[in-house]
Amino acid sequence: MGDTAVPVMWGGNLTETLAFYQALGYKVTCEQTSPYAFGAVERNGYGLNFYRDPKDTRSAEDIEAAGCLVMVDEVAPLHKQFSAALREHFGRIPIKGIPHISRFRPGQTRFSVTDPSGNSVTYIQRDEPDFEYGGSRELQGLQRVLDNARILRFSKEDDEAARKTLEAGLRRFAATASVLDKAHALAELTELAVAMGNPERAAELRSEIAGLELSDGERAEIAEHLQIAADLEQWLADAE
């Protein structure tokens, strides 16, 4: 057997934190409150530990950049499973604040979960490709902008940076980009508008896409892209 590393994260509200992971399908293997708070959970052969010194009076909001990475075979079914489990546990899907789960879309290779103690666990697909920040060098023009926006959203979870990147790219490559690439950029912006709670902007973008001169095949391709925004609207509705 090889060596094994077990992350030890902050055990702020240990009872709530262990219950949170138990809801996600983890097994609680240890829980103690004296002489210090310590807990442990296991799932699929790996473990997460939590510790808090009795003199530590920090709150979950005080925890910054604490957490770990978990490599998994497939992230999409895991996100679906966790979303359903959290909805069962809380009566809704927590998507903001502490605790919460980040959203997910087709093609994404990672997502994160923040527990009640403020720790962030990021689940990453084992075969995730290396990110080329700035967009793949094999792409040009608006296609590279689209790739960069995807990285900003999936890897850094920075919706605002992705929005600015796409809007700047549309202005810069307005005269040279294909109509199909423009439509994909507008569809990405539609999804971002939904994610950022701006349904009016999403409606404007959908209208702009409808006015583009696309072939039947291209319009069907964009319809599939726009379905991602529609699916996100439903997921957000389930979170309310």
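In what follows, every heavy atom counts, from backbone to side chain, and hydrogens, waters and symmetry copies are set aside. For reference, positions follow the sequence shown, starting with 1. Bear in mind the structure is a predicted one, so any value in this text is a computation, not a measurement.
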Would you call [X] and [Y] a salt bridge, using N to O less than 4.0 angstrom?
{"X": "E167", "Y": "R163", "answer": "yes"}
{"X": "D56", "Y": "R58", "answer": "yes"}
{"X": "D231", "Y": "R103", "answer": "no"}
{"X": "E188", "Y": "K182", "answer": "no"}
{"X": "D73", "Y": "R126", "answer": "yes"}

[atom1]/[X]: more than 12 non-hydrogen atoms of other groups inside 6.0 Å:
{"X": "E160", "atom1": "CD", "answer": "yes"}
{"X": "Q32", "atom1": "CD", "answer": "yes"}
{"X": "D216", "atom1": "CG", "answer": "no"}

If you look at every heavy atom in [X] and [Y], which pair is closest and at what distance?
{"X": "A149", "Y": "A162", "result": "O-CB, 3.8 Å"}
{"X": "I101", "Y": "S83", "result": "CD1-OG, 3.9 Å"}
{"X": "L170", "Y": "A185", "result": "CD2-CB, 3.8 Å"}
{"X": "P99", "Y": "P94", "result": "O-CB, 3.4 Å"}
{"X": "I209", "Y": "A183", "result": "CD1-O, 4.0 Å"}
{"X": "T190", "Y": "A229", "result": "CG2-CB, 4.2 Å"}

Does a side-chain heavy-atom distance below 4.5 Å link [X] with [Y]?
{"X": "P199", "Y": "V194", "answer": "no"}
{"X": "V145", "Y": "T165", "answer": "yes"}
{"X": "L48", "Y": "M9", "answer": "yes"}
{"X": "H184", "Y": "L146", "answer": "yes"}
{"X": "R172", "Y": "L142", "answer": "no"}
{"X": "I124", "Y": "V72", "answer": "no"}

Could you check whether [Y] and [X], counting side-chain N and O atoms only, form a donor-acceptor pair closer than 3.5 Å?
{"X": "H225", "Y": "E191", "result": "no"}
{"X": "E128", "Y": "T109", "result": "yes"}
{"X": "Q143", "Y": "D147", "result": "no"}
{"X": "Q22", "Y": "H89", "result": "no"}

For the side chain of [X] and the backbone of [Y], is there at least one donor-acceptor N/O pair under 3.5 Å apart?
{"X": "S102", "Y": "S112", "result": "yes"}
{"X": "Q125", "Y": "V75", "result": "yes"}
{"X": "R201", "Y": "A193", "result": "no"}
{"X": "N119", "Y": "W10", "result": "yes"}

From [X] atom [atom1] to [Y] atom [atom2], the distance as rounded to the nearest 0.5 Å:
{"X": "R150", "Y": "L166", "atom1": "CZ", "atom2": "CG", "value": "12.0 Å"}
{"X": "D115", "Y": "S120", "atom1": "CG", "atom2": "OG", "value": "8.5 Å"}
{"X": "E208", "Y": "L189", "atom1": "CD", "atom2": "CG", "value": "9.0 Å"}
{"X": "N13", "Y": "S59", "atom1": "CG", "atom2": "OG", "value": "11.5 Å"}
{"X": "T114", "Y": "I98", "atom1": "OG1", "atom2": "CD1", "value": "7.0 Å"}
{"X": "R153", "Y": "R105", "atom1": "CZ", "atom2": "CZ", "value": "5.0 Å"}

Item to check | F82 and F104: CA distance, side-chain angles, deciding distance, side chain to side chain contact (heavy atoms under 4.5 Å, CB included) verdict | outcome: CA-CA 11 Å; F82 281 5; F104 188 85; over 6 Å; no
[X], [Y]: one ILVMFWY side-chain cluster at the under-4.5 Å cut-off?
{"X": "I95", "Y": "V113", "result": "yes"}
{"X": "I93", "Y": "F111", "result": "yes"}
{"X": "L212", "Y": "L226", "result": "yes"}
{"X": "L192", "Y": "I228", "result": "no"}
{"X": "L205", "Y": "F173", "result": "yes"}

Item to check | Aromatic ring proximity F38/Y51, centre distance under 6.0 Å | outcome: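 Here the rings of Y51 and F38 have centres that are no less than 6.0 Å from each other.
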Next on the checklist: Filter on side-chain hydrogen bond (donor to acceptor under 3.5 Å, both in side chains), then keep only pairs touching residues 34-48, sequence neighbours left out; what's left?
Outcome noted: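 Output for this query lists Y26-Y46.
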Item to check | Audit row: H79, Q108, side chain to side chain donor-acceptor pair (under 3.5 Å) steps and yes/no | outcome: CA-CA 11 Å; H79 185 272; Q108 196 165 326; over 6 Å; no
Next on the checklist: Using side chain to side chain contact (heavy atoms under 4.5 Å, CB included), reason through R52 and L14 one step at a time and then give a plain yes or no.
Outcome noted: CA-CA 8 Å; R52 180 173 59 81; L14 187 62; 5.9 Å; no
